[in-house]
2 protein chains.
Amino acid sequence: MSSLKPDSRIQVIDRAALLLDAISRYTNPVKLKILSADTGLHPSTTHRILHSLIDNSFVAQDSNGQYRPGKRLLGLSSHSQENNDVRAVALPYMERLRDRFSETINLTIREGDVVIYFEKANPKRMMHVQQIVGSRAPLHVAAVGKLILGSGGKAAIESYAQRTNLPAYTRNTFSSLPELTQECLTSVQQGFALDNEEAEIGVGCIGVLLYDRSGGVAAGLSLSAPIERRRNEWIEDVVKAGKEISAKLGYSA
Amino acid sequence: MSSLKPDSRIQVIDRAALLLDAISRYTNPVKLKILSADTGLHPSTTHRILHSLIDNSFVAQDSNGQYRPGKRLLGLSSHSQENNDVRAVALPYMERLRDRFSETINLTIREGDVVIYFEKANPKRMMHVQQIVGSRAPLHVAAVGKLILGSGGKAAIESYAQRTNLPAYTRNTFSSLPELTQECLTSVQQGFALDNEEAEIGVGCIGVLLYDRSGGVAAGLSLSAPIERRRNEWIEDVVKAGKEISAKLGYSA
DNA sequence: TACTTCATTTCATATTGTGAAACTGATTCG
DNA sequence: CGAATCAGTTTCACAATATGAAATGAAGTA
């Protein structure tokens with residue numbers, strides 16, 4: 001017996017992972033029934049696993065008995081050396097960009113079909129875009145995500161499209177697959193990507209990729225601003241910062 | 001058969017949790033043998049669970065086959081409503097403190113015997129304390145941690161001391177338990193705590209607790225600065241910010 | 001080459017997790 | 001107000017699942 005997802009050695013762990021994923025997709029606490037439906041697990045099984053996760057603080061239950069992500073998840077995450085290298089190198093550049101434009105600068109990393117924000121520099125300014133560290137966005141609605149998709153080539157984009165069905169987050173920017181393919185590929189070509197209110201209405205981004213000594217993508221760097229404040233002139237600065245960071249990471253183009 | 005730690009319904013999940021904890025205690029990749037020893041699990045079992053976690057990206061293996069935290073952990077964590085309330089309310093105050101003193105301001109939350117940094121405001125300044133979101137510190141070496149310990153009363157402090165054995169991180173500040181008890185209790189009494197290079201040499205903190213409408217501890221707020229820059233005059237500002245945030249969270253003292 | 005040490009695989013075994021069904025306790029509805 | 005519905009939880013007999021001892025493989029050391 002098996003599910004639709006790729007599977008591994010220990011069943012319970014795969015199932016626990018499914019459940020954690022399902023829970024963290026919701027911003028608000030979720031009911032058992034829904035989690036059971038989302039994951040395709042028997043309610044009884046869902047309940048048992050969930051409560052085992054609760055005992056380990058991976059999941060928490062609110063006063064109504066609904067489930068939400070637990071505190072333990074926060075603490076476990078990567079201060080892995082790998083990420084810290086990028087982080088340490090990138091931060092000064094991020095802070096410089098932040099100060100120059102007074103906008104939010106983010107570092108992201110890919111994991112599966114999403115990008116995860118793992119470091120940020122917030123400007124001193126009344127209104128600014130607030131990205132939460134640890135939050136996620138699907139590849140096709142994030143500037144950095146488009147670059148990642150594009151650098152995988154046409155096949156990767158199509159496979160992604162098929163897998164995810166390209167859910168629209170705000171306006172339906174990509175009604176057609178060729179459109180997305182086009183945009184991703186040209187983004188890679190020109191060395192940067194834009195996000196025009198695709199992840200969230202009112203927010204525009206400029207994204208570039210960072211490379212390490214192996215030539216692989218180390219992370220993504222992006223600037224997020226209220227769309228009406230974002231200026232095209234900023235692009236070259238972001239691109240330049242990206243190149244400098246990559247160089248410091250040992251990348252030689 | 002059972003371990004020394006408190007246990008729950010599903011064995012594998014408890015064991016996986018043990019392993020994740022063990023891994024994330026190390027900054028560098030760790031060998032199987034060590035994880036096996038740390039957790040008391042049979043090497044074979046350790047290997048099996050570890051690889052199941054790898055298949056789910058909770059753990060990653062570097063080129064030498066050593067284990068480190070996986071990317072999946074980053075993305076899962078709490079943008080749970082609960083935390084976001086505190087975050088949203090506290091951020092403006094944090095940014096104000098950051099701007100006034102040009103030092104790093106952190107939000108922390110307790111989980112088990114550690115505090116976890118989950119939001120920050122970094123100043124525009126060449127040198128400043130850099131706390132990584134998601135990183136942890138044991139209660140007894142963090143300003144906020146001492147307040148948390150103190151608010152639990154004498155019994156809680158003693159139980160914590162016995163459980164953890166109060167490992168020294170820098171200088172051996174607390175050679176004796178009464179000393180720690182003393183400091184925690186007076187900290188609570190005066191409404192703030194200090195950390196004098198106890199977590200890291202050269203870094204000094206000022207911490208206060210934030211309370212919500214239920215009267216419980218919602219989070220901790222702290223200022224971290226190079227020890228020689230930190231001024232006692234700042235304390236009242238941090239305390240004041242803490243009170244204002246608590247008030248906005250619905251706390252009525 | 002022989003000796004250690006650690007990682008991985010195998011495999012017989014019973015322990016462990018499974019899910020159908022029964023139970024509980026809300027909430028809705030006639 | 002009682003019947004019906006539905007979500008959550010507990011129980012339990014069963015077999016699939018995870019277990020760990022031992023064997024094998026891979027690497028490093030003397």
Side-chain angles (χ1 to χ4, degrees), chain A residues 1-26 28-70 80, chain B residues 1-26 28-70 80:
Chain A
M1 168 126 315
S2 183
S3 58
L4 307 137
K5 307 257 165 179
D7 277 285
S8 78
R9 325 196 180 196
I10 300 184
Q11 204 187 58
V12 212
I13 289 182
D14 294 336
R15 294 175 162 187
L18 273 181
L19 281 170
L20 286 175
D21 250 8
I23 287 183
S24 66
R25 255 196 286 280
Y26 295 89
N28 297 330
V30 214
K31 299 204 217 165
L32 174 65
K33 185 78 181 299
I34 301 195
L35 293 173
S36 168
D38 283 6
T39 55
L41 299 174
H42 192 282
S44 167
T45 306
T46 309
H47 180 264
R48 190 165 1 93
I49 297 177
L50 237 23
H51 279 263
S52 189
L53 290 171
I54 288 175
D55 293 337
N56 287 288
S57 296
F58 287 125
V59 168
Q61 224 177 161
D62 74 356
S63 42
N64 313 315
Q66 316 219 95
Y67 300 90
R68 53 182 171 75
S80 76
Chain B
M1 169 130 310
S2 182
S3 57
L4 307 135
K5 306 258 166 181
D7 277 284
S8 78
R9 328 197 177 194
I10 300 185
Q11 201 186 59
V12 211
I13 289 182
D14 294 336
R15 292 176 162 187
L18 272 181
L19 281 169
L20 285 174
D21 248 9
I23 287 183
S24 66
R25 255 195 285 280
Y26 296 88
N28 296 331
V30 213
K31 299 206 222 168
L32 175 66
K33 185 76 180 301
I34 301 194
L35 293 173
S36 169
D38 283 6
T39 57
L41 299 174
H42 193 280
S44 170
T45 305
T46 309
H47 180 263
R48 190 167 359 94
I49 295 177
L50 237 23
H51 279 263
S52 189
L53 291 170
I54 288 175
D55 293 337
N56 287 288
S57 296
F58 288 125
V59 168
Q61 220 176 165
D62 73 358
S63 44
N64 312 316
Q66 314 218 97
Y67 299 90
R68 53 181 171 75
S80 76

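Convention: sequence-line order gives letters A, B, ...; per-chain numbering from 1.
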N/O (side chain, [X]) to phosphate O (OP1/OP2, [N]) under 4.0 Å:
| X | N | result |
| --- | --- | --- |
| A/His47 | D/dG8 | no |
| A/Lys33 | D/dA7 | yes |
| B/Arg48 | D/dT19 | yes |
| B/Gln11 | D/dT19 | yes |
| A/Thr45 | C/dG19 | yes |

Closest approach of B/Pro69 to B/Ser24 (non-hydrogen atoms, all atoms of both residues): CG-CA, 4.4 Å
Least distance between heavy atoms, A/Lys31 atom then A/Tyr67 atom: C-CD1, 4.4 Å
Tell me the interatomic distance from [X], atom [atom1], to [N], atom [atom2], rounded to whole angstroms.
| X | N | atom1 | atom2 | value |
| --- | --- | --- | --- | --- |
| A/Asp55 | D/dT9 | CG | P | 13 Å |
| A/Ile49 | D/dA18 | CD1 | P | 10 Å |
| B/Leu50 | C/dA7 | CG | C1' | 11 Å |
| A/Tyr67 | D/dG8 | OH | C1' | 7 Å |
| B/Ile10 | D/dT10 | CD1 | P | 13 Å |
| A/Gln66 | D/dT9 | CD | P | 11 Å |
| B/Lys31 | D/dG28 | NZ | P | 10 Å |
| B/Leu32 | C/dT5 | CG | P | 16 Å |

Side chains of B/Pro29 and B/Asn64 in contact at under 4.5 Å (non-hydrogen atoms): no
Close side-chain approach of A/Asp62 and A/Arg68, heavy atoms under 4.5 Å: yes
Contact nearer the 5' end of DNA chain D, comparing A/Val12 with A/Val30: A/Val30
Quick check against the 3.5 Å criterion: does [X] have a side-chain atom that pairs as donor or acceptor with the backbone of [Y]?
| X | Y | value |
| --- | --- | --- |
| A/Ser36 | A/Leu41 | yes |
| A/Asn56 | A/Phe58 | no |
| A/Thr46 | A/His42 | yes |
| A/Thr39 | A/Leu35 | yes |

Nucleotide of C/dT8, C/dT18, D/dT9 approaching A/Gln61 most closely (side-chain heavy atoms): D/dT9
With the criterion being N/O to N/O and under 3.5 Å, what pairs connect the protein with nucleotides 20-25 of chain C, and how long is each?
residue: C/dA20; atom: OP2; partner: A/His42; partner atom: NE2; Å: 3.0
residue: C/dA20; atom: N6; partner: A/Ser44; partner atom: OG; Å: 3.2

Spatial distance of atom CD1 (A/Ile49) from atom CD1 (A/Ile54) [nearest 0.5 Å]: 12.0 Å
Axial bend angle, the helix from C/dT1-D/dA30 to C/dG30-D/dC1: five-pair end segments, nearest 10°: 30°
Pair of N/O donor and acceptor under 3.5 Å linking C/dG17 base with A/Arg15 side chain: no
Sequence-distant partners of B/Asp38, salt bridge (charged side-chain N to carboxylate O under 4.0 Å, His left out), two or more places apart: none
